[in-house]
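Here is the structure we will look at, set down as C-alpha cells.
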Amino acid sequence: MNKVAIIMGSDSDLKAMQGAMDALKALEIPFCVRVLSAHRTPDAAAAFARGAKDDGYGVIIAAAGKAAHLAGAMAANTILPVIGVPMKSSTLDGLDALLSTVQMPSGMPVATVAIDGATNAALLAAQIIALSDEALAERFAKYRAAQSAKVAEKDAAICAEYSCL
Ligand code: RP5
C-alpha cells in the first residue's frame, strides 16, 4: 500500500496534527511524520517532495502556519497529490495560513482542508489511496458507517430527552 507523508513546518504543529496520525492508524495506513520547512529548510523540503513517489508515498499532507508555503512548495516538487492543512496560530487565528495554502496559482493544485483540519486531511488521503486498494476502501466504508451509527445514536438520545415525534 502507498504510504502517507505528514510534513509539518514546525514541531509546534504536532499537537494540532495528532488527529491525522490517529485517523491513519485507525485505517491501518502506513505513514511518516517529518518536520520540514519551506522557509527554514527549503532544500530538505524540496528533496523530500522530489523523492516521495519513488519512496513509496501516495499522498503528501503538508501542515504549516503563518505565511504557509509548505504545501505549495511540496506540490511544486512532486506529481503526488498534496493536501494542505493551514495551522491556527496566535496572531491571525489561521486565516493567514488558510489563504497562503488555498490560493494556489492555476496549474499547481493543493487540496486545502479547514484550519487545523488534520483529521479531514488524513481521511481525504485515505480516500485517494483507497482508489487503488480495495481492502482500504472497505475499511473506509466501515469507518463511515460507524460514524453514521454514532450520529443516529445521538439523535435517538436527544429525541428521547425532548420527546420528538
Ligand atoms: C510555520 O510557522 C510552522 O508551520 C508553524 O505553524 C509556525 C510557527 O513555527 P514555530 O515558530 O513555532 O517553529 O512555519
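Computed from a prediction, not measured in an experiment: that's the story for all the values here. For ligands, and for the atoms within them, numbers begin at 1 and follow the listed sequence.
The two residues Leu14 and Met21 have their closest heavy-atom pair at CD1-CE, 3.4 Å. Nearest heavy-atom pair across Ile6 and Ala20 is CD1-CB, 3.9 Å. When all heavy atoms are compared, the tightest approach of Asn2 to Ile29 is O-CG2, 4.3 Å.
Atoms of ligand 1 lying under 4.0 Å from at least one heavy atom of Gly9, given by number and element, are 3 (C), 4 (O). Under a 4.0 Å criterion applied to the non-hydrogen atoms of Ala64, ligand 1 contributes the atoms 4 (O).
Side-chain contacts under 4.5 Å among hydrophobic residues (ILVMFWY), followed directly or transitively, place Leu80 together with Ile7, Leu36, Phe48, Tyr57, Ile60, Leu70, Met74, Val82, Met104, Met108, Val110.
What sits closest to atom 4 (O) of ligand 1 on the protein, heavy atoms only, is Asp13 OD2, 2.6 Å. In terms of protein heavy atoms, atom 10 (P) of ligand 1 is closest to Ser10 OG, 3.5 Å.
Ligand 1 has no N or O atom lying under 3.5 Å from any N or O atom of Lys66, backbone or side chain. At a 3.5 angstrom cut-off on N or O pairs, Arg40 counts as close to ligand 1.
Listed by chain and residue number, nothing satisfies the side-chain contact (heavy atoms from CB on, under 4.5 Å) test with Ser148 (two or more places apart in sequence, or in another chain).
The environment of Ile79 atom CD1 is sparse: at most 12 non-hydrogen atoms of other residues, nucleotides or ligands sit within 6.0 angstrom.
With Gly65, Pro86, Ala62, Ser12 as candidates, the residue nearest to atom 14 (O) of ligand 1 on a non-hydrogen basis is Gly65.
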